[in-house]
Amino acid sequence: MIIIFITLFALSTFFGFMYIDKDVWRAFVGGLSLLLLTLSVVLLTLHIKDNWGMEKRTSTETKIIYTAGPLDVEFGMLLKSEIGKGTHNYVLVYRTNRKDKEPTAHFQPDEKHLVETLKKTADYKRTDESEAKLMIRTVRWQFKNSFMRFLFGIGNEEGKLVSEHARAYVPKDTWLVLTQEEAKKLQAAAPTMQAQLETFLKDNPIQAREVMELQKRNPEEFAKLQVSKIKERLGFKE
C-alpha cells in the first residue's frame, strides 16, 4: 500500500503546484502532498534498509532423533561432517523415525539457495539426558501489527528467515558422535572386537552371565559399557 500512497502523493504534488491557480491553495495542497510524499519515501527507505515496522520472532521445535548406526545394538550413533574448517557447523546424519531402514543426512548446504543456506547452521552437544533430541531455533521477520502489514505487506517479507540453528543433544554415555572416518574405523574393527568379546565370555562364564543379565536388566547401563569399551579400544575422544 505504501507504493500506492507514494504514487498518489506524487501525483497530487504535481497537480497542486502545476494546476492550482490560487497561491494559498497551491501552497497548501502542493506543500502537504510533498510533505506526505517525503514521509512515505522515508518510511519505505527505513523499511527496506532496517526492516522498520517489523520485528524478529523466535520459534523453537524439538523432536526425538534416532541412531545412525545399526538398529540391533543398544548404543546410539550420530555422524557428523564439518562444513568448512573450524566453523563448528555440521552436516548431521541420524534417523528421524525409529523404523527408518537407513539414516539420512541433514543440514547439507543448498548450492541453489546460498543466501538461505548461509542463515542456517547446525551442531551438536553431549548431555546427561537418556534420550537424543534435536532442537531447532528459528528467527523470522514478522510485522509488528496489522497496520504495518497493511502499509508494507507487498513483498512477501513476512516470515522471511533471519536465522535457523539446529542442535542435536545426544547422551554422552550411551551415544557415539563420530566422523565418517571414525565410523568406517569402527565398522572395520567390529568383527574383531566381536570375536574377542565372544572368546572372553566363553573363557569367563561367570562374567558372561553377568553381562547377559545386565543387558536384560538395564539396557542403558549395558549401552554405557559398550560405548566405554569402543572408545577405549579405538581411541575415540570426546
Side-chain angles (χ1 to χ4, degrees), residues 61-111 117-137 164-202 204 207-208 210-212 214-215 218-238:
E61 178 186 7
T62 303
K63 49 190 174 183
I64 303 300
I65 60 175
Y66 302 92
T67 180
L71 296 174
D72 57 350
V73 297
E74 283 75 8
F75 64 89
M77 188 184 301
L78 177 72
L79 301 184
K80 63 177 180 178
S81 179
E82 190 170 19
I83 301 171
K85 187 175 182 180
T87 62
H88 303 291
N89 183 26
Y90 298 88
V91 174
L92 301 176
V93 181
Y94 55 85
R95 288 179 174 85
T96 56
N97 190 299
R98 190 189 300 273
K99 296 181 180 179
D100 291 343
K101 291 184 178 180
E102 297 294 334
T104 305
H106 302 266
F107 316 114
Q108 294 174 299
D110 184 353
E111 296 181 357
T117 295
L118 292 174
K119 298 177 181 179
K120 299 180 179 181
T121 56
D123 61 11
Y124 66 93
K125 183 177 180 179
R126 296 179 176 88
T127 72
D128 294 321
E129 299 181 16
S130 59
E131 196 170 44
K133 64 182 180 181
L134 182 79
M135 183 176 293
I136 302 176
R137 182 177 180 272
E164 180 183 283
H165 181 66
R167 173 167 288 175
Y169 293 87
V170 296
K172 64 180 182 180
D173 295 325
T174 58
W175 275 58
L176 292 169
V177 181
L178 306 177
T179 63
Q180 295 288 346
E181 291 73 19
E182 290 172 333
K184 291 178 180 178
K185 184 177 179 181
L186 174 59
Q187 185 178 20
T192 301
M193 293 174 63
Q194 181 65 28
Q196 291 175 343
L197 176 61
E198 291 176 355
T199 300
F200 173 80
L201 295 178
K202 184 178 180 181
N204 300 271
Q207 289 182 302
E210 291 176 350
V211 170
M212 293 179 63
L214 178 63
Q215 184 178 11
N218 195 331
E220 185 174 346
E221 287 299 322
F222 184 71
K224 289 182 181 181
L225 178 62
Q226 287 181 302
V227 168
S228 175
K229 293 299 182 183
I230 290 172
K231 289 180 178 179
E232 180 182 344
R233 173 69 172 78
L234 299 180
F236 293 157
K237 297 181 180 180
E238 296 293 335

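What's counted below: heavy atoms across the whole structure, side chains too, no hydrogens, waters or symmetry copies.
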Of all heavy-atom pairs between [X] and [Y], which one has the smallest distance, and what is that distance?
X	Y	result
I83	F107	CD1-O, 3.9 Å
A168	L92	CB-CD1, 3.9 Å
N97	K99	OD1-N, 2.9 Å
K185	F236	CD-CE2, 4.1 Å
P103	A68	CG-O, 3.5 Å
A132	W175	CB-CZ2, 3.4 Å

Mind checking whether [X] and [Y] have side chains closer than 4.5 Å, heavy atoms only?
X	Y	answer
T174	E74	no
D173	V227	no
H165	R167	yes
V170	Y94	no
L71	K101	no

Gap between atom CG of L178 and atom CD of Q187 - 0.5 Å precision: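 Taking CD in Q187 and CG in L178, the distance rounds to 11.5 Å.
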Pairwise distance OH(Y66) to NZ(K133) - rounded to 0.5 angstrom: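 That separation rounds to 13.5 Å.
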CD (Q108) with more than 12 external heavy atoms under 6.0 Å: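 For Q108, atom CD is crowded (more than 12 foreign heavy atoms under 6.0 Å).
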Examine distances only and state if a side-chain atom of [X] and a backbone atom of [Y] form a donor-acceptor pair shorter than 3.5 Å.
X	Y	answer
D123	N89	no
R95	T67	yes
E82	H88	yes

Verdict with reasoning, T96 to H106, per side chain to side chain contact (heavy atoms under 4.5 Å, CB included): CA-CA 10 Å; T96 56; H106 302 266; 3.4 Å; yes
Test side-chain contact (heavy atoms from CB on, under 4.5 Å) applied to M77 and V177, I230, L186, V93, the passing residue: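 Only one of V177, I230, L186, V93 forms a side-chain contact (heavy atoms from CB on, under 4.5 Å) with M77, namely L186.
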K224/E221 salt bridge by N-O under 4.0 Å criterion: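 Yes, this pair counts.
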